[in-house]
Amino acid sequence: LIVIVGMSFECDMDKGLLAALRAREDNLPIGSALFFVVEPSAETLKTTSNKLATCFPRASVIQVRRGLEEWMCEEAPELVNQIFMLE
């Protein structure tokens, strides 16, 4: 389970990180992780989620279109629902 907040994977360092992780995807648990992308901007949310889905085709991506503070004040309902579904 991975929560991503405020990362668009646009800078060279972030792109390099994704490339390195993708190269080792089959050898790492991240290859089949459950990602929560928390981002208030619809466009950034979509592009970030698409990049993760392309990089980790076996992973699941859940989009949360809110800021982190708002999401946490709402008690992260998407996260809570998934945690209870996993048990």
Stepwise side-chain contact (heavy atoms from CB on, under 4.5 Å) check, Leu1 with Leu79: CA-CA 9 Å; Leu1 180 99; Leu79 179 61; 3.6 Å; yes
Set out, in order, the CA-CA distance, both residues' side-chain angles and the distance that settles side-chain contact (heavy atoms from CB on, under 4.5 Å) for Lys46 and Asn50, then state yes or no. CA-CA 6 Å; Lys46 181 180 176 182; Asn50 287 343; 3.8 Å; yes
side-chain contact (heavy atoms from CB on, under 4.5 Å) assessment of Phe9 paired with Ile4: CA-CA 11 Å; Phe9 299 106; Ile4 296 182; 4.0 Å; yes
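Distance check, rounded to the nearest 0.5 Å: CG of Asp14 to OG of Ser8 gives 6.5 Å. The SG atom of Cys55 sits 8.5 Å away from the CG atom of Leu17 when rounded to the nearest 0.5 Å.
Listed by chain and residue number, nothing satisfies the salt bridge (Lys or Arg N to Asp or Glu O under 4.0 Å) test with Glu70 (two or more places apart in sequence, or in another chain).
Two residues are said to be in side-chain contact when any heavy atoms from C-beta on lie closer than 4.5 Å; Gln63 and Thr48 fail this criterion. A 4.5 Å side-chain heavy-atom check between Leu52 and Thr54 finds every atom pair outside the cut-off. A heavy-atom distance below 4.5 Å is not found between the side chains of Val5 and Trp71.
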List the atom pairs, with distances to 0.1 Å, where a side-chain N or O of residues 32-45 and a protein N or O form a donor-acceptor pair under 3.5 Å, not counting sequence neighbours.
unit_1 : atom_1 : unit_2 : atom_2 : d
Glu39  : OE2    : Ser41  : N      : 3.1
Ser41  : OG     : Thr44  : N      : 3.3
Ser41  : OG     : Thr44  : OG1    : 3.3

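In plain terms, the two heavy atoms of Val80 and Glu75 that are nearest each other are CG2-O, 3.3 Å.
Heavy atoms from other residues, nucleotides or ligands lying under 6.0 Å from CZ of Arg66 number more than 12.
In summary, Glu10 and Lys51 engage in a salt bridge, as defined by a charged side-chain N under 4.0 Å from a carboxylate O.
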